Amino acid sequence: MPLLPKIDHPTFKIKVPSTEKTHAFRPFLVKEEKILLMAKESNSTSDILSAIRQIVINCSVDEKFDIDKLALFDLEYVFLKLRSVSVDNVVKVAYRDNEDKKLYYFEVDLEKVEVKFPNKKVDNVVKISETSGIVLKYPPASIYGDKDFLENSKEHMFDLIVRCIDSVYVNEEVYEAKNIERKEIEDFLDSLDVKTFKNVQDFLMTTPKLHKDITYENSNGIKKKIVLKSLNDFFTWR
């Protein structure tokens, strides 16, 4: 029989930006800090991103929470909020000004970080013809657990597009991407005309992102603005 008591931890709610559904989480524990520390020590970006995904999974206490149904920006947002309540809501970031070349330091309140959506609604359907088209989804959170994707630097955009195809329709027939072999999807994309493929790329360019503005004045008296929009902007992993 264990002699030491079991520690109870508080839970808190986080609203997922894309779905606006609220889920319950507990804070990071020492074991989650160890996961992130080991990933940092590996000096591998893919290990760090996989660790972030695993930490969010570990901290979820909601049976209805399915991380692989989230968009990537949802996962990053949830991780920031977890970090805020588990460690400290304030992080220090450094930025080198491209004009005076000096390094400036800022404190950022993670509680004030939001996800910025496009100003106008973006259609996720790209037409190929009057009777056919591609239905797209935002980059899924599952890619943080996909080493093949994270370590592929040569065809990163093409690889991302493959993972963002939700379905293809022709007349009344709908073909779900999850039921189609990857090679067939790749061949299908290769067969698109250049204009249609660019429309697919344009959709991905509108993906919502983390957003926090920092304004400052450099040593030349010029007012500047920095926009933080990815996890790498908030943390130094190495």
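The model shown is predicted, which means the values in this text are computed figures rather than measured ones.
With values rounded to the nearest 0.5 angstrom, Leu192 atom CG is found 14.5 Å from Lys198 atom NZ. Separating the CD1 atom in Ile67 from the CD atom in Gln54 is a distance of 8.5 Å, to the nearest 0.5 Å. Taking CG of Leu82 as the start and OG of Ser84 as the end, the distance is 9.5 Å to the nearest 0.5 Å. If you take CG on Asn218 and CG on Asn98, they are separated by 9.0 Å, rounding to the nearest 0.5 Å. The distance from atom CG of Leu228 to atom CG of Leu80, rounded to the nearest 0.5 Å, is 10.0 Å. A distance of 6.5 Å separates NZ of Lys209 from NZ of Lys229, quoted to the nearest 0.5 Å.
Looking at residues two or more places apart in sequence or on another chain, you find no salt bridge (charged side-chain N to carboxylate O under 4.0 Å, His left out) involving Arg83. Residues meeting the salt bridge (charged side-chain N to carboxylate O under 4.0 Å, His left out) test with Asp166, sequence neighbours left out: none.
Val91 and Tyr105 are assigned to two separate hydrophobic clusters, defined by single-linkage of ILVMFWY side chains at heavy-atom distances under 4.5 Å. Cluster annotation: Leu210 and Met205 are assigned to the same hydrophobic cluster (Ile/Leu/Val/Met/Phe/Trp/Tyr, side-chain heavy-atom contacts under 4.5 Å, transitive). Hydrophobic clustering, with ILVMFWY side chains joined whenever heavy atoms are under 4.5 angstrom apart, groups Leu110 together with Phe12. Cluster membership for Leu37 and Leu231, using ILVMFWY side-chain heavy atoms within less than 4.5 angstrom, is not shared. No chain of hydrophobic side-chain contacts below 4.5 Å, direct or via other Ile, Leu, Val, Met, Phe, Trp or Tyr residues, connects Phe106 to Ile222.
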Under 3.5 Å, which donor-acceptor pairs link side chains of residues 27-35 to any protein atom two or more places apart or in another chain?
unit_1, atom_1, unit_2, atom_2, d
Glu32, OE1, Arg26, NH1, 3.0
Glu32, OE1, Leu29, N, 2.8
Glu32, OE2, Arg26, NH2, 3.0
Glu32, OE2, Asn58, ND2, 3.3

Side chains of residues 170-181: which donor-acceptor partners sit under 3.5 Å, not counting sequence neighbours?
none

Phe25 vs Lys81, test: side-chain contact (heavy atoms from CB on, under 4.5 Å). Steps then yes/no. CA-CA 10 Å; Phe25 295 86; Lys81 297 306 177 183; over 6 Å; no

Test side-chain contact (heavy atoms from CB on, under 4.5 Å) applied to Arg163 and Ile143, step by step: CA-CA 8 Å; Arg163 287 162 170 77; Ile143 66 176; 3.6 Å; yes

Would you please test Lys13 and His23 for side-chain contact (heavy atoms from CB on, under 4.5 Å) and show each step? CA-CA 5 Å; Lys13 301 291 184 70; His23 298 278; over 6 Å; no

Assess the residue pair Tyr169 and Ile128 against the criterion (side-chain contact (heavy atoms from CB on, under 4.5 Å)); give the C-alpha distance rounded to whole Å, side-chain angles, the decisive distance to 0.1 Å, and a yes or no. CA-CA 10 Å; Tyr169 69 88; Ile128 300 172; over 6 Å; no

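For the pair Val126 and Phe197, the minimum side-chain heavy-atom distance is 4.5 Å or more. In this structure the side chain of Val108 never reaches within 4.5 angstrom of the side chain of Val90, judged on heavy atoms. For the pair Val16 and Tyr77, the minimum side-chain heavy-atom distance is 4.5 Å or more. At a threshold of 4.5 Å between non-hydrogen side-chain atoms, the residues Ser132 and Val168 do not count as touching. Using a 4.5 Å cut-off on side-chain heavy atoms (C-beta onward), Ile165 and Val200 make no contact. The closest side-chain heavy-atom distance from Leu204 to Cys164 is below 4.5 Å. Val93 is listed as a side-chain neighbour of Ile214, based on a closest heavy-atom distance under 4.5 Å. Taking the side chain as every heavy atom from C-beta outward, Asp213 and Ile226 never approach each other to under 4.5 Å.
Annotation: Gln201, atom CD; neighbour count of heavy atoms from other residues, nucleotides and ligands within 6.0 Å is above 12. Counting heavy-atom neighbours within 6.0 Å of Glu217 CD, excluding the residue itself, gives a total above 12. Atom NZ of Lys137 has more than 12 heavy atoms from other residues, nucleotides or ligands within 6.0 Å. Around CD of Glu130, the count of heavy atoms belonging to other residues, nucleotides or ligands within 6.0 Å does not exceed 12.
The residues Arg182 and Asp159 are annotated as salt-bridged, a charged nitrogen and a carboxylate oxygen being separated by less than 4.0 angstrom. Salt bridge annotation for Asp109-Lys212: absent, with no cationic side-chain nitrogen under 4.0 angstrom from a carboxylate oxygen. Note on Arg53 versus Asp68: salt bridge recorded, some NZ/NE/NH1/NH2 to OD/OE distance being below 4.0 Å.
The hydrophobic cluster analysis finds Val61 isolated: no Ile, Leu, Val, Met, Phe, Trp or Tyr side chain comes under 4.5 Å of it, directly or through other members.
A donor-acceptor pair under 3.5 Å is absent between the side-chain atoms of Asp187 and the main chain of Glu184, judged by distance alone. When atom types are taken as modelled, the side chain of Arg96 and the backbone of Lys101 share a donor-acceptor pair closer than 3.5 angstrom.
For the residue pair Asp47/Ser42, the side-chain donor-acceptor check at 3.5 Å is satisfied. Donor-acceptor pairing under 3.5 Å is recorded for the side chains of Thr196 and Asp193.
Applying the ring-ring contact (aromatic ring centres under 6.0 Å, His included) test to pairs two or more places apart or on separate chains, those with a residue in residues 112-147 are Phe73-Phe117, Phe73-Tyr138, Tyr138-Phe203.
For an aromatic pair to be called close, the ring centres must be under 6.0 Å apart, and Tyr95 with Tyr104 fails this.
Put simply, the residue from Lys224, Lys225, Lys223 that forms a salt bridge (Lys or Arg N to Asp or Glu O under 4.0 Å) with Asp97 is Lys224.
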